[in-house]
Amino acid sequence: MTLYLNGGEFVSSRMRNIINERRLRMASLPELAHGVPLKVKYPSGLMRTRKFILSESIQALFDFVGEVEDATEWFHIQEAFSPPLRNDLCGIIFERNIRGPTTLYVQWISSEETKTIPTPDGNDNHDKDDYDSGTVSLLDQSSTSYEHLTSFSPRSAQERAEQEQEQEQEQEQEQEQEQEQEQEQEQEQEQEQEKTVQNTNLQTILSCLSAKIDDSSPTGNQINVVRDYKGNTHNILRSTIRVFSRRRFNPGARLDGAVDGGGPTTEYLRLLLKAVQQSSIFEGPENSKRLRLDTEALHKGLYRQISQMISVCIIHVGMGPHFFLEKLFLQVCGKPTPPASFDEVDDETFKEMLCKIKESKTVPEAKAAIEIAEDCLSIIGAFRSIGTLKQRDMLVQSAVEYYVDGRCNVALQQFLDGFNTLGLLQEMQTQTDLFRTIFVEDKKPLRSSDLTSLFGVNLSDQDTYKRELETRTLCFWRDWIIDVEGIYKSFLHILS
């Protein structure tokens with residue numbers, strides 16, 4: 001039986017058997033993931049890659065190369081600028097100067113060219129035990145080493161290598177151009193985003209949010225607050241909680257709020273924010289409030305309701321709380337916050353225990369202080385044995401972080417849920433710096449020049465007595481605001 005291949009070259013059934021033997025040997029040789037990838041390029045342009053262990057027999061590489069359909073009994077493989085290796089060599093891959101990932105070029109040797117190859121001296125002949133199959137030699141005659149093949153010219157392989165290098169250079173240039181174009185597009189997008197951010201202000205954002213409000217005032221949104229006999233509205237928060245707890249209450253609709261049935265909604269919301277500021281879910285200085293853990297309020301969902309109230313005040317009338325601690329504001333916006341500090345612990349008993357641990361100068365003293373605080377530390381999961389002063393500091397810091405932040409995590413999540421009203425939370429997380437001005441106390445003092453610019457003056461005609469009185473009054477006003485500047489922390493304290 002004969003086969004017809006390569007446009008006129010006759011191949012015997014013996015060649016078919018040789019190719020099958022190569023394939024069988026390769027099938028029994030697994031490809032290891034940690035092997036070195038070797039790429040093989042055939043004269044037809046076909047390219048194949050396989051991973052080899054460099055300590056394997058080089059016959060494994062030859063079998064991989066010669067298992068294709070158009071393979072010949074004899075062939076050469078070589079790197080671009082290295083001597084050719086014929087497929088009857090023995091030894092391991094590493095010994096043939098193949099030391100890492102590379103591309104090997106294949107040149108088939110026809111039967112006529114095989115006859116011109118001289119008989120070798122036997123130095124590189126195969127031993128039948130060198131390879132796993134037990135049969136390495138492909139011919140009955142002895143094989144030759146590459147030292148007898150000096151007549152082989154690597155010119156074609158070099159040309160292919162040069163062509164590949166040119167193609168790789170062209171591809172690299174195209175990739176560089178594409179990267180430059182992508183970078184230019186990204187820069188243009190960033191510039192457009194910066195322009196958009198610059199053109200966006202808080203008023204624009206609140207206008208977009210308020211546009212979602214339903215202009216109708218459903219019955220479920222009616223709010224009634226009654227003053228006490230002194231004229232105070234201490235029950236305003238309690239009344240509002242009842243409204244926000246109604247099943248028919250809609251925070252996305254207009255409020256029908258009144259104080260004693262006649263006050264405007266804006267006045268009601270202003271009083272509501274003052275009541276919220278004094279509620280049980282907050283603690284700390286007047287204008288730097290942080291969340292306080294109140295289990296009863298948590299059970300009743302008060303954290304969610306109060307954050308809904310704040311959202312309604314912001315979206316409906318643009319009125320912010322101005323009393324959030326910076327850290328609380330960042331927690332609401334999902335931004336990183338600084339570690340909890342020792343001064344944030346407001347429980348004096350627990351703080352004193354931690355202080356004794358922190359100020360202990362030796363490990364035995366620290367252990368004694370830790371034993372005294374064992375009950376408190378065990379409750380928060382911070383009680384443990386220490387062996388160094390560094391571990392002492394870590395224990396104190398973990399206890400402080402749990403007391404300040406950890407125990408309020410559930411309350412914080414409920415608090416965040418209320419800010420989802422009409423999409424406010426998403427805007428706060430996107431435009432954090434803009435919303436800081438209405439949540440955190442503005443520490444920039446209001447100066448006399450700022451207050452003067454708020455008012456316009458309409459004077460009477462010149463050369464009249466009325467104009468003289470008006471000018472004198474204006475001078476008195478300006479002198480007064482200059483005098484009080486610097487005495488009070490803010491003109492807001494004077495005007496409120």
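Computed from heavy atoms alone, side chains included, the values below leave out hydrogens, waters and symmetry copies. Every value quoted in this text rests on a predicted model; they were computed, and no experiment measured them.
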Close side-chain approach of I357 to R392, heavy-atom, < 4.5 Å: yes
S279 side chain reached by I306 side chain, heavy atoms, under 4.5 Å: yes
D375-S378 side chain donor-acceptor pair, cut-off 3.5 Å: no
Check: K367 and I386 side chains under 4.5 Å, non-hydrogen atoms: yes
Neighbour count >12 (heavy atoms, 6.0 Å) for atom NZ, K466: no
Donor + acceptor pair across side chains of Y403, D346 (<3.5 Å): yes
Evaluation steps, side-chain hydrogen bond (donor to acceptor under 3.5 Å, both in side chains), between N97 and R99: CA-CA 6 Å; N97 293 325; R99 306 294 174 84; 3.2 Å; yes
Flag if over 12 foreign heavy atoms under 6.0 Å of NZ, K274: no
pair D417-Q413: side-chain heavy atoms closer than 4.5 Å: no
Separation of F419 CZ from I310 CD1 (nearest 0.5 Å): 4.5 Å
Check: F323 and E286 side chains under 4.5 Å, non-hydrogen atoms: no
Under 3.5 Å donor-acceptor, K51 side chain and A33 backbone: yes
Evaluation steps, side chain to side chain contact (heavy atoms under 4.5 Å, CB included), between R436 and L330: CA-CA 9 Å; R436 180 179 279 104; L330 293 176; 3.7 Å; yes
Under-4.0 Å salt bridge between K356 and E365: no
Test log, rule side chain to side chain contact (heavy atoms under 4.5 Å, CB included), inputs D294 and L302: CA-CA 9 Å; D294 187 333; L302 185 59; 5.9 Å; no
Contact check, side chains of L61 and I98, non-hydrogen atoms, under 4.5 Å: yes
Atom pair CD (E374) and SG (C376), whose distance is rounded to the nearest 0.5 Å: 10.5 Å
Side chain proximity check, D393 to Q397, heavy atoms < 4.5 angstrom: no
OG1-CD distance between T204 and Q431, expressed to the nearest 0.5 angstrom: 10.0 Å
Check: Y42 side chain, V65 main-chain N or O, donor-acceptor pair, under 3.5 Å: yes
Rounded distance (nearest 0.5 Å) linking atom CE of M353 with atom CD1 of I370: 13.0 Å
Side-chain heavy atoms of E427 within contact of L434, under 4.5 Å: no
Electrostatic pair E468:R472 at N-O distance under 4.0 angstrom: yes
Sidechain N-carboxylate O distance under 4.0 Å for E344, R290: no
Sidechain-backbone polar pair: S82 side chain, Q78 backbone, donor-acceptor under 3.5 Å: no
Parallel, tilted or perpendicular: ring planes of F282 versus F324, cut at 30 and 60 degrees: tilted
Ring geometry between F244 and F249 (parallel below 30°, tilted from 30 to 60°, perpendicular above 60°): tilted
R467 side-chain N/O to S460 backbone N/O, donor-acceptor pair under 3.5 Å: yes
Parallel, tilted or perpendicular, as decided by the 30° and 60° cut-offs, for the rings of F435 and F439: tilted
Interatomic distance, L291 atom CG to L412 atom CG [nearest 0.5 angstrom]: 6.0 Å
Passing option when M309 is tested against L272, V243, L269 for side-chain contact (heavy atoms from CB on, under 4.5 Å): L272
Residues L425, V332; criterion side chain to side chain contact (heavy atoms under 4.5 Å, CB included); working and verdict: CA-CA 8 Å; L425 182 60; V332 172; 4.1 Å; yes
K300 with E296: basic N within carboxylate O range, under 4.0 Å: yes
NZ or CZ of R48 within 45° of F64 ring axis and under 6.0 Å: yes
More than 12 heavy atoms from other groups under 6.0 Å of CZ on F94: no
Distance in Å, I438 CD1 paired with H322 NE2, rounded so as to fall on 0.5 Å steps: 7.0 Å
Q426 atom CD, over 12 foreign heavy atoms within 6.0 Å: no
Flag if over 12 foreign heavy atoms under 6.0 Å of CZ, R478: no
Pairing of E69 and R23 as salt bridge, 4.0 angstrom limit: yes
Salt-bridge contact E267-R270 (side-chain N to carboxylate O under 4.0 Å): yes
